[in-house]
Protein chains: 2
Amino acid sequence: MSEPQPGSETRSQSIPGSVGDVRRTNLALALTSIARAAPSGPITRAQLATATGLTKASISSLVLDLLTGGVVREVALEPRAERGRPGVGLEMNPGRAVVGMEINVDYIAAELVSLTRERLLCVKRFRDNRGSSAADVMADLAELVNTLLAEAADRGIAVIGGGLAVPGLIDQATSTVLTAPNLGWSGETLDARGLLPEARLGVTLLNEANAAALAEVRSRTGTAGPDFVFVSGEVGVGAGFVIAGSLFVGPAGHAGEIGHLVLEPEGLPCSCGGIGCLETIAGQDAILRAAGLADDPLETDMSRLLSALSSGESMAVAAVQRAATFLGMALVSTARLMGVSTVVLGGHFAVLAHWLVPPLFESMQRHAPGLIRADRVLLSSAGEGGAAFGCAGSVVQSLLDAPQFLIRPGPADVAEHP
Amino acid sequence: MSEPQPGSETRSQSIPGSVGDVRRTNLALALTSIARAAPSGPITRAQLATATGLTKASISSLVLDLLTGGVVREVALEPRAERGRPGVGLEMNPGRAVVGMEINVDYIAAELVSLTRERLLCVKRFRDNRGSSAADVMADLAELVNTLLAEAADRGIAVIGGGLAVPGLIDQATSTVLTAPNLGWSGETLDARGLLPEARLGVTLLNEANAAALAEVRSRTGTAGPDFVFVSGEVGVGAGFVIAGSLFVGPAGHAGEIGHLVLEPEGLPCSCGGIGCLETIAGQDAILRAAGLADDPLETDMSRLLSALSSGESMAVAAVQRAATFLGMALVSTARLMGVSTVVLGGHFAVLAHWLVPPLFESMQRHAPGLIRADRVLLSSAGEGGAAFGCAGSVVQSLLDAPQFLIRPGPADVAEHP
DNA sequence: TGAGTTAGTTTATGACCTGAACTATATAGC
DNA sequence: GCTATATAGTTCAGGTCATAAACTAACTCA
């Protein structure tokens, strides 16, 4: 029925290669090269040929497919005052876009993102989702997304796919949130596809920390590099591993549970049932409680903590220092296990950076001298909407990796919009 | 000069696909299917066609290549009392083999392993390598390997590749041991290739824990499954991550340093410069010291510890219990990060299993209830020679993945043995 | 001995990339 | 304005490879 979803590659190891695979590979190669050229403007077929190593003949044929599929378009190039026939520019079709969405503990958000990963439109609605039913939240999200879709339609932009980030354990295959302790969800199957019924590539469900990590790959120009650990400090503490520019999600897609690294054998009980997890020390609630600010309403907690820190309240400072010390231990442990040497701080860790980073770095130096250089501790650049943006980027990536889903009629793909 | 080495795939992301790639893919598919059939005997072309999904015509052509390359051979099949023309059996050529080698702290070892991963011949020599120069150890290893090669030649077996495991951080590209603290090596470039000058696939350098982890993938029939963490308890403590049946080695190949997970903020200083690492609690030396057996000569330490445990000496029992408790914390942390739920204990952890596993499991339950089931804590089956065997298996795997290196003349491949 | 059955090969076809020849379109110099 | 030159893109012959169908080979059963 639906085409194979991006990100759910379940090759059963016995798929023979056929000549058509070569086409798919090269289609992806050509499209990726066009996308990569985006910052410096459109690229010609001839440039594409040298960039990819394919012949001009092949490139012409591949580009024809991409053009008819509507993934790229031709644009006139301004004269360059060079000799010879001028080339025709090729760029990602600005009439196509993807939607990145996020459900978090205290807000829902959606973004319209172009195929060159530009944020075209962002909408966000504060909403205390703790304890709300998945259906209620999804209904509100659908409403939010519809405003985005209406605006996209006005601009003549077709939405071809989407991604939805949720702070919990995800099963992509069934579009199910296995557990999201901070939302109070477990085993909720979301109708993510229904949010974007017209999107040919469907809607992919992602873990919030993973999505936020992906947002870092492209948003900062090369600072983080292709290999890093992203720690997302929200109510829970999660990590996203980026290895060679792609997410590492482990066998079942659940890798990255850094919040439950055991750091204090005799510590506090954790929501996971364990004892002394990082989350009991460096989670948002844990810090607020240690700072003596636990009873405040949700939205104002972080700002109150910030002002307490600014005015030098000792409990607040101590709470953040303690969190930083243990976060440092967790990060060097993680870096050693994964073999990376760059960490990116997101969520409240980025917000608290001024007070957090010095003791964090000191702790890392103490427990693993030289492992992570001072200039390899980075702050998230995408900000709070990072997860939604990362989702969108992941959909774009899956398009670049497999453009054939938008080009070929595909098997059993008739009657798409009945 | 030499052909691209297996395991050093550095695709610069811009290699266009050509029709020839299809051939390579299918060659690998066919060979893998022949290898997979090995336990149940030779496989015919017709069976191969249905197993792979390729047509009989393609299989015939692929098999011809594999036959002329000497990777597989035809064997007569005993009559099956079925109707129709009998097929011709195909099996991995028993006239080809690989060599797995290991340099460890107190021994060197080498094994001759068939293409079906059978151990044909094992040699081992005890040797205190602490502080020995790399050149000295390599010279002794070469001598050991030569006895193996002589025997292989006698049996008419050609060695086509090898792997060498070293307990340290490896740079495969340059065949260099970056650091091996327990050997006292750093920055030693080994002439691994020189150990097997006639082997067309060369010699791959591997980390000891990674190699031992690989040994577990195939040696036990499916017990460990395709996803697990292997913890190797040697003088150092290392881990190998197997994800979907393959090693996860991280961006630079250094992933798995579980021995330096930080578990005790105020613990003992570690050889890595840090404080409170797992190795300072559960490393061989740490346990022996805590058991009050630190001054004994190297070879007898573990046996003395075992007898101390058997006679119930409280210091010994306490030392192992303490190591188990912290190992449990490290393992649940690792399992959470990597998203796996199976652990395999190797090295001295397997040797001490009787005393170690109960407190280990208790600790895991305490810190992550339900994460790792009791029947998902397994003991290494390959034993002490595991790393050498795992190396050999990895070479076999790289042959299965890329048989073209043994088949095609290859570019610039003239004058191989001048 | 011949019908039925399974194994493996041959042959025609189509998809695809390549390389070379070719067409198209610009600039530079006269 | 005309011609040489340079670059962009297309067309076409040729080679590799998998596929499907026809064909040959070898064995069993009756």
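No experiment lies behind these values; they were computed from the predicted model shown. Labels below follow one simple rule: chain letters A, B, ... track the order of the sequence lines, proteins then strands, and each chain is numbered from 1.
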Using a heavy-atom cut-off of 4.0 Å across all strands, would you classify A:V19 as base, sugar-phosphate, or nothing? base
Closest non-hydrogen atom pair, B:G100 against B:C391: CA-CB, 4.2 Å
Pair listing, side chain to side chain donor-acceptor pair (under 3.5 Å) test, anchored in residues 69-79 of chain B, at least two apart: B:R45-B:E74, B:R73-B:E91
Roughly how many Å is it from [atom1] in [X] to [atom2] in [N], rounded to a whole number?
| X | N | atom1 | atom2 | result |
| --- | --- | --- | --- | --- |
| A:L48 | D:dT7 | CG | P | 18 Å |
| B:L77 | D:dA26 | CG | C1' | 14 Å |
| A:R45 | C:dT25 | CZ | C1' | 15 Å |
| B:Q404 | D:dC17 | CD | C1' | 15 Å |
| A:R24 | C:dC17 | CZ | P | 11 Å |
| A:L64 | D:dT11 | CG | C1' | 14 Å |
| B:Q47 | C:dA7 | CD | P | 7 Å |
| B:R23 | D:dG15 | CZ | C1' | 14 Å |

Let's see if you get this right: which residues in residues 56-63 of chain A place a heavy atom under 4.0 Å from DNA chain C? A:A57, A:S58
Which residues pass the side-chain contact (heavy atoms from CB on, under 4.5 Å) test with B:V22, not counting sequence neighbours? A:V22, B:N26
Apply side-chain contact (heavy atoms from CB on, under 4.5 Å) to A:R83 and list each qualifying residue two or more places apart in sequence or on a separate chain. none
OP1 or OP2 of D:dA18 under 4.0 Å from side-chain N/O of B:N26: yes
Can you tell me which residue pairs pass the salt bridge (charged side-chain N to carboxylate O under 4.0 Å, His left out) test with a partner in residues 390-400 of chain A, sequence neighbours excluded? none
For B:L54 and A:T44, find the nucleotide of DNA chain D closest to each by heavy atoms; which residue's nucleotide sits nearer the 5' end? A:T44
Please report the interatomic distance CG(B:D65) to CG(B:L406), rounded to the nearest 0.5 Å. 12.0 Å
Could you grab the distance from atom OG1 of B:T25 to atom CG of B:L62, nearest 0.5 Å is fine? 10.5 Å
Between B:R119 and B:F389, is NZ or CZ placed under 6.0 angstrom from the six-membered ring centre and within 45° of the ring axis? yes
Quick one: which protein N/O atoms are closer than 3.5 Å to N/O atoms of nucleotides 26-30 of chain C? Pair and distance per line, please.
| residue | atom | partner | partner atom | Å |
| --- | --- | --- | --- | --- |
| C:dA26 | N3 | A:G84 | N | 3.4 |
| C:dA28 | O4' | A:R83 | NH1 | 3.4 |

Side-chain donor or acceptor of B:D21 paired with backbone N/O of B:S18 under 3.5 Å: yes
